[in-house]
Every structure is written in C-alpha cells, then in structure tokens.
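So the structure is just underneath, and the comments pick up after that.
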Amino acid sequence: MPQSSGGSTERLNPIRQTGGCQRTTSSSICLLVNLRALQFFFVAVIAPLLPATLVRGALSTGAIYSLSFVDINGNKLSTADGHVTVLVLATKSDWEKAHEVGDRIPDSCLGNPNYRMITIVRFTRKHGVIVRNVATAFIRHRMEEAAKRLQKRYDAQKIEHDARSDIFVVTDFDGSASAQLEEPAEAAEFRVLVFARDGKLLARWSDVPSAKQLAEMLK
C-alpha cells in the first residue's frame with residue numbers, strides 16, 4: 001500500500017506540473033493580448049491629437065525642401081536657390097486669393113531680388129491639348145493684370161523695375177507640382193507656404209495670411 005501510494009503521488013506530480021505550466025502559458029498569452037489591446041487603445045486616443053502635418057504627411061515646418069518647378073515662361077525655379085520664397089498653391093477659382101497674397105507682401109520686399117513669389121495654378125481634372133492652350137492663355141491674361149497692379153506699387157515706391165518680370169506662375173496640369181508639396185492632384189485646398197533661402201519651411205497657411213503674418217515671416 002505505501003508503495004502504491006507513493007507511485008500515485010509520483011504520477012500526480014507531473015500532472016500538477018503540467019497544469020501549472022499550462023496556467024503559466026495561458027497567463028502569458030493573456031498578458032500579451034492585454035498589452036497589445038492597451039497599446040492599440042493609446043494609439044487610438046493619441047492619434048487625433050497629433051499635428052496635422054504628422055497625420056496627413058504634409059510638409060513640416062522647420063524641415064528643408066528643395067522643390068523645383070518650371071513656370072509658364074520656362075523659368076527654372078527652386079525653393080532652395082537663395083531666395084526667400086512665398087509659394088501659393090491655388091486653383092483657377094482661387095486666383096483672387098493669390099492676388100490678395102501678392103497685395104499683402106511687405107513693401108520692403110518689392111523689387112528686392114532676394115524675395116520671390118511663385119503661384120502654382122493646379123488643375124484638378126485632366127484636360128486635352130486644346131483646353132490646356134485656352135487655360136494657359138487665360139492665365140497669361142490674368143498675369144498681365146497682376147503685373148499692372150504690382151507696377152502701381154512699384155511706381156509708388158519709386159522702384160525702377162519691370163513688375164512683369166517678378167511674376168512667376170506654374171501651370172500644374174498633370175499634378176506633378178502638387179505632388180512635390182505632398183498635395184494630391186484631386187485636392188482643391190488653398191495653400192500659402194514661406195521658404196527660407198535654403199529651402200527651410202518657415203510657415204504654412206490654408207487661407208490668405210494677414211499682412212502682419214507675412215511681414216513677420218519675411219523679415
């Protein structure tokens with residue numbers, strides 16, 4: 001009987017050990033699942049609080065970007081070529097907003113070769129050659145109007161310079177210019193960005209900034 005009892009005890013020990021191991025494994029799995037669930041919860045809570053530049057993947061203020069464009073007259077332009085650049089991204093319907101930005105550029109920047117404003121006119125739909133030609137002619141006409149407005153400011157400041165040569169417009173028919181700004185071609189959002197001489201993004205707005213805001217960025 002003692003031997004039989006001892007044998008039973010020996011047989012029960014592995015069972016207890018196995019049961020303990022199973023309980024330990026189960027606890028580990030539960031702990032891992034709970035940790036992952038908790039991690040997901042924190043990501044879900046924090047994500048809406050992150051800046052839009054991080055969530056949407058848009059250009060980040062303080063980062064350096066060397067973006068290259070060719071304007072309607074064939075001029076090669078860059079945000080990192082030694083100019084302080086005011087870059088306006090707009091559609092045809094936002095043309096007046098682009099004018100407002102130009103009108104709010106400080107007088108100290110007028111005729112100054114260290115400063116430049118570039119307007120990218122984005123077309124949200126694909127167009128054939130004929131429509132592109134008509135659109136380009138329309139844009140050139142609006143550029144002439146803008147040049148006249150700017151020339152009046154030049155004359156008032158006694159700046160002996162042709163204002164027309166200081167107007168740069170990029171026609172974005174294929175979305176390639178918008179893609180550099182990480183803006184999808186089908187988007188219709190208005191943007192104003194200011195880049196330092198080395199391409200560092202100083203500021204960005206989704207509407208026309210005030211004259212004071214521009215002046216602070218263009219010191």
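Hydrogens, waters and symmetry mates are skipped; everything else that's a heavy atom, side chains included, is used.
- From Trp205, atom CH2 reaches atom CZ of Phe190 across 11.0 Å, with rounding to the nearest 0.5 Å.
- The side-chain heavy atoms of Arg116 and Phe168, taken from C-beta on, include a pair separated by under 4.5 Å.
- Shortest non-hydrogen contact noted between Ser178 and Arg122 is OG-CD, 3.0 Å.
- Arg142 and Glu144 are not joined by a salt bridge, as no carboxylate oxygen comes within less than 4.0 angstrom of a charged side-chain nitrogen.
- Between the side chain of Ser78 and the backbone N or O of Ala80 there is at least one donor-acceptor pair closer than 3.5 Å.
- The two residues Ile167 and Leu150 make their nearest non-hydrogen contact at CG1-CD2, 4.2 Å.
- Residues Val192 and Arg204 are not in side-chain contact: their nearest non-hydrogen atoms beyond the backbone lie 4.5 Å or more apart.
- The existence of a salt bridge linking Asp107 and Arg153 is confirmed by a sub-4.0 Å separation between a basic side-chain nitrogen and an acidic carboxylate oxygen.
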Test side-chain contact (heavy atoms from CB on, under 4.5 Å) on Val70 and Val170 and set out the steps. CA-CA 6 Å; Val70 177; Val170 177; over 6 Å; no

Quiz: residues 212-219 side-chain donor-acceptor pairs under 3.5 angstrom, not counting sequence neighbours:
| unit_1 | atom_1 | unit_2 | atom_2 | d |
| --- | --- | --- | --- | --- |
| Gln213 | OE1 | Ser210 | N | 2.8 |
| Gln213 | OE1 | Ser210 | OG | 3.4 |

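- Between the CZ atom of Phe195 and the OG atom of Ser66 there is a distance of 10.0 Å, given to the nearest 0.5 Å.
- Nearest heavy-atom pair, Val169 versus Val121, reported as atom, atom and distance to 0.1 Å: CG1-CG2, 3.8 Å.
- Every residue meeting the ring-ring contact (aromatic ring centres under 6.0 Å, His included) condition with His99, not counting sequence neighbours, appears here in chain and number order: Trp95.
- For the pair Asp174 and Arg132, the salt-bridge criterion is not met [side-chain N within less than 4.0 Å of a carboxylate O].
- Between Ile118 and Asp71 there is no side-chain heavy-atom pair separated by less than 4.5 Å.
- In terms of heavy-atom proximity, Ile120 sits nearest to Asp172 at CG2-CB, 3.9 Å.
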What verdict does the salt bridge (charged side-chain N to carboxylate O under 4.0 Å, His left out) test give for Asp103 and Arg149, after you've listed the backbone C-alpha separation in whole Å, the side-chain angles of each residue and the deciding distance to 0.1 Å? CA-CA 9 Å; Asp103 291 343; Arg149 293 169 63 167; 2.5 Å; yes

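- No side-chain heavy atom of His83 sits less than 4.5 Å from a side-chain heavy atom of Asn114.
- Of the charged side-chain nitrogens involved, at least one lies within less than 4.0 Å of a carboxylate oxygen, so that Lys97 and Asp207 count as a salt-bridged pair.
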Taking it one step at a time, do Lys148 and Lys152 satisfy side-chain contact (heavy atoms from CB on, under 4.5 Å)? CA-CA 6 Å; Lys148 292 178 181 178; Lys152 290 181 179 180; 5.7 Å; no

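- A heavy-atom distance below 4.5 Å is found between the side chains of Ile64 and Asp198.
- Residue Thr119 holds its OG1 atom at 11.5 Å from CD1 of Ile72, rounded to the nearest 0.5 Å.
- When side chains are defined from C-beta on, Arg191 counts as touching Ser206, because their heavy atoms get closer than 4.5 Å.
- Under the 30°/60° scheme for interplanar angles, the aromatic rings of Tyr154 and His161 are found to be tilted.
- The OH atom of Tyr115 sits 10.5 Å away from the CD1 atom of Ile105 when rounded to the nearest 0.5 Å.
- Taking CD of Glu100 as the reference point, atom CG of Asp94 lies at 10.5 Å (rounded to 0.5 Å).
- Residues Thr79 and Gln180 are not in side-chain contact: their nearest non-hydrogen atoms beyond the backbone lie 4.5 Å or more apart.
- Considering every non-hydrogen atom in both Arg164 and Ala147, the closest pair reads CD-CB, 3.8 Å.
- Atom CD of residue Glu189 and atom CG of residue Leu89 lie 9.5 Å apart, to the nearest 0.5 angstrom.
- Shown here for Val88 and Ala98, the closest heavy-atom pair between the two residues is CG1-CB, 4.1 Å.
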